[in-house]
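Data block below; observations after.
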Amino acid sequence: MISGGNLYAVAKAMAPLYTAMALGYISVKYLRAFTPDQCAGINHFVALYALPLLIFRMVASNNPYTMSGRLLAADTLQKIILLAILFAWAYWANKRQKKSPPSASSSTPLQWVVTIFSLASLPNTIIMGVPLLGGMYGSMSAGLMVQIVVLQFCIWYNLVIFLYEYMAAKRAVLAKGHQVLPAVRVTEQISKSEVAMQEKESSTEATQTQNEVCVTIIEAAELATSDQSETSEDETSEPEIPKTGIQFTAKVPDQRVHEETPEPTVAVKVVVSMAMKKLLKIPNTYASFLGLLWSLMASKVGIRLPEIVDDSLAIVSTTAVGLSMFTAGTFLARQTQFIPCGYSKAILSILIRFIIGPLLMAITSFAMGLHGTLLHIAIVQAALPLAVSSFVYAEEYKLHADIMSTGIIIGNFVSLPFTIMYYILTGL
């Protein structure tokens with residue numbers, strides 16, 4: 001069981017996180033020390049520098065030749081099954097949206113895929129997992145947590161970033177396509193106005209011509225009557241009716257075919273190419289794969305990073321955790337409500353994080369043949385609170401950051417009861 005000393009160790013590890021978050025909240029809410037642009041700059045620094053260096057150090061310090069294959073297979077299978085379910089739902093939701101288009105403010109199914117996947121399968125393993133599971137299962141759990149972190153940073157966070165970049169590239173392509181539509185519509189309106197004016201002019205000219213014909217015929221009839229009364233002796237002579245010589249002409253308007261301007265179609269190949277180019281420019285991609293390459297080489301040969309290099313990386317990477325929590329506090333302070341996403345979404349995010357994620361992890365762990373302490377660790381680590389990195393990326397790409405911040409804030413409060421509950425249940 002967890003002793004009082006282990007609970008104190010867990011509280012001691014969690015206290016600095018809440019201190020940084022509270023400091024960020026007070027700085028913006030009451031002290032007005034940071035503007036929204038400055039808060040965005042801090043988050044940008046974490047996403048571009050602090051987190052990539054932390055990722056590199058974590059991955060580079062791991063020995064890939066001693067990793068637990070079954071644990072990693074269970075973790076991978078959990079995420080693959082979850083992605084398959086979410087993408088199937090997104091495909092079905094897209095087909096429904098074509099029949100009844102959603103409002104402009106509503107989120108797309110793919111956006112919810114990224115958010116739900118992050119909530120359900122990306123726990124705060126390195127910050128909360130190491131001290132918490134260390135108190136439950138001893139020092140062996142720390143190495144297993146690092147292995148899961150390596151897989152998260154090398155594969156799953158890169159996948160999440162790719163989906164973020166894919167959606168951003170798709171929005172950019174659609175925005176460029178829609179810029180052409182207003183000019184086309186204005187041209188169509190001008191053409192319709194010209195046609196209406198021509199029809200009006202033609203109608204006016206035809207009316208005037210008919211009036212002229214009537215006047216001429218009346219004048220000719222009156223002239224004939226007067227001539228007939230004056231020359232009554234010569235009844236056989238016929239009156240000369242002047243020939244009008246009027247020709248009826250009408251302008252026929254140009255028949256212009258106005259086709260409906262189609263909505264710009266998004267070429268998947270172009271969008272994927274744009275997203276891949278952006279992904280290759282993101283430091284996280286290089287940090288994870290360079291760290292993996294170094295760990296493969298260093299573990300095989302038996303070398304370590306030079307101390308001067310490791311210390312240089314450490315001085316920046318150690319700021320990632322504190323500044324991430326600080327950014328979450330500043331984001332919370334800028335909201336009008338303590339739970340910015342609303343109570344219904346907050347409850348749903350808690351259920352996804354602490355019920356669906358661990359349940360799916362238990363199913364895949366049994367499928368991979370895990371048992372004993374390894375099975376317990378796999379299930380309990382899946383019930384850890386949401387990773388801070390998920391909020392950093394959500395805030396960076398402006399996608400459901402309110403849900404992510406709520407998941408972190410509330411999740412850190414309720415994670416300890418949930419993990420203890422799973423610890424007890426797995427020990428039965």
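Bear in mind the structure is a predicted one, so any value in this text is a computation, not a measurement.
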Taking the side chain as every heavy atom from C-beta outward, state whether [X] and [Y] have any atom pair closer than 4.5 Å.
| X | Y | value |
| --- | --- | --- |
| M58 | V150 | no |
| F45 | V316 | yes |
| W294 | L305 | yes |
| L133 | L384 | yes |
| V392 | T327 | no |
| L144 | L374 | yes |
| I410 | V414 | yes |
| P123 | R353 | yes |

Separation between [atom1] of [X] and [atom2] of [Y], rounded to the nearest 0.5 Å:
| X | Y | atom1 | atom2 | answer |
| --- | --- | --- | --- | --- |
| I148 | W156 | CD1 | CH2 | 13.0 Å |
| L83 | I116 | CG | CD1 | 11.5 Å |
| L23 | L31 | CG | CG | 8.5 Å |
| L51 | F56 | CG | CZ | 15.0 Å |
| F162 | M167 | CZ | CE | 10.5 Å |
| R57 | D310 | CZ | CG | 4.5 Å |

Which residues pass the side chain to side chain contact (heavy atoms under 4.5 Å, CB included) test with [X], not counting sequence neighbours?
| X | answer |
| --- | --- |
| V28 | F34, C39, T330, A333, R334 |
| Y30 | Y25, I26 |
| S288 | I55, C154, N158 |

Short side-chain to backbone donor-acceptor contact, [X] and [Y], under 3.5 Å:
| X | Y | value |
| --- | --- | --- |
| S349 | G407 | no |
| Q38 | T35 | yes |
| H376 | T426 | yes |
| S405 | D402 | yes |

Give me the atom names and distance for the closest heavy-atom approach of [X] to [Y].
| X | Y | answer |
| --- | --- | --- |
| Q78 | L360 | O-CD2, 3.5 Å |
| P109 | W89 | O-CZ3, 3.5 Å |
| S121 | Q152 | O-NE2, 4.3 Å |
| V46 | A320 | CG1-O, 4.2 Å |
| R171 | Q111 | NH1-NE2, 3.8 Å |
| F87 | L110 | CE2-CD1, 3.8 Å |

Near [X] [atom1], under 6.0 Å, is it more than 12 heavy atoms from other residues, nucleotides or ligands?
| X | atom1 | result |
| --- | --- | --- |
| Y343 | OH | no |
| L280 | CG | yes |
| I308 | CD1 | no |

Exercise. Which is it for Y164 and E396 under the side-chain hydrogen bond (donor to acceptor under 3.5 Å, both in side chains) test, yes or no, and what are the steps along the way?
Worked result: CA-CA 10 Å; Y164 278 131; E396 182 72 15; over 6 Å; no
Exercise. Sort and list the pairs that fulfil salt bridge (Lys or Arg N to Asp or Glu O under 4.0 Å) and have at least one residue in residues 125-142, not counting sequence neighbours.
Key: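 Applying salt bridge (Lys or Arg N to Asp or Glu O under 4.0 Å) to every pair that reaches into residues 125-142, excluding sequence neighbours, yields nothing.
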| message | Checking V388 against V321 for the side-chain contact (heavy atoms from CB on, under 4.5 Å) test, could you report, in this order, the C-alpha distance in whole Å, the side-chain angles of both residues, the deciding distance, and whether it holds? | response | CA-CA 8 Å; V388 181; V321 177; 5.9 Å; no
Is it true that the side chains of N62 and Q147 contain a donor and an acceptor less than 3.5 Å apart?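 Result is no, nothing qualifies.
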* Asked: Between Q381 and D75, is a side-chain contact (heavy atoms from CB on, under 4.5 Å) present by the stated rule, with each step listed?
  -> CA-CA 10 Å; Q381 66 85 27; D75 183 73; 4.3 Å; yes
* Determine, step by step, whether F326 and M21 satisfy the side-chain contact (heavy atoms from CB on, under 4.5 Å) criterion, reporting the C-alpha distance in whole Å, the side-chain angles of both residues, the deciding distance to 0.1 Å, and the verdict. => CA-CA 4 Å; F326 183 88; M21 186 171 64; over 6 Å; no
For Y137, what residues pass the side chain to side chain donor-acceptor pair (under 3.5 Å) criterion, not counting sequence neighbours?
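Counting only residues at least two positions away or on another chain, Y137 forms no side chain to side chain donor-acceptor pair (under 3.5 Å).
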- Under the 6.0 Å and 45° cation-pi test, does K79 pair with F117?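 No, K79 does not lie over the aromatic ring of F117.
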So, applying side-chain contact (heavy atoms from CB on, under 4.5 Å) with W112, which one of I403, L86, L399 is it?
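Among the candidates, only I403 passes.
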message: Please determine whether side-chain contact (heavy atoms from CB on, under 4.5 Å) holds for the pair M274 and K170, giving the CA-CA distance in whole Å, both sets of side-chain angles, and the decisive distance to 0.1 Å.
response: CA-CA 9 Å; M274 292 174 62; K170 187 175 181 179; over 6 Å; no
With side-chain hydrogen bond (donor to acceptor under 3.5 Å, both in side chains) as the rule and sequence neighbours excluded, what pairs involving residues 364-373 come up?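 Listed once each, the pairs would be none.
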| What is the ring orientation for F418 with F354, classed by angle as parallel under 30°, tilted 30 to 60°, or perpendicular over 60°? |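 F418 and F354: parallel rings.
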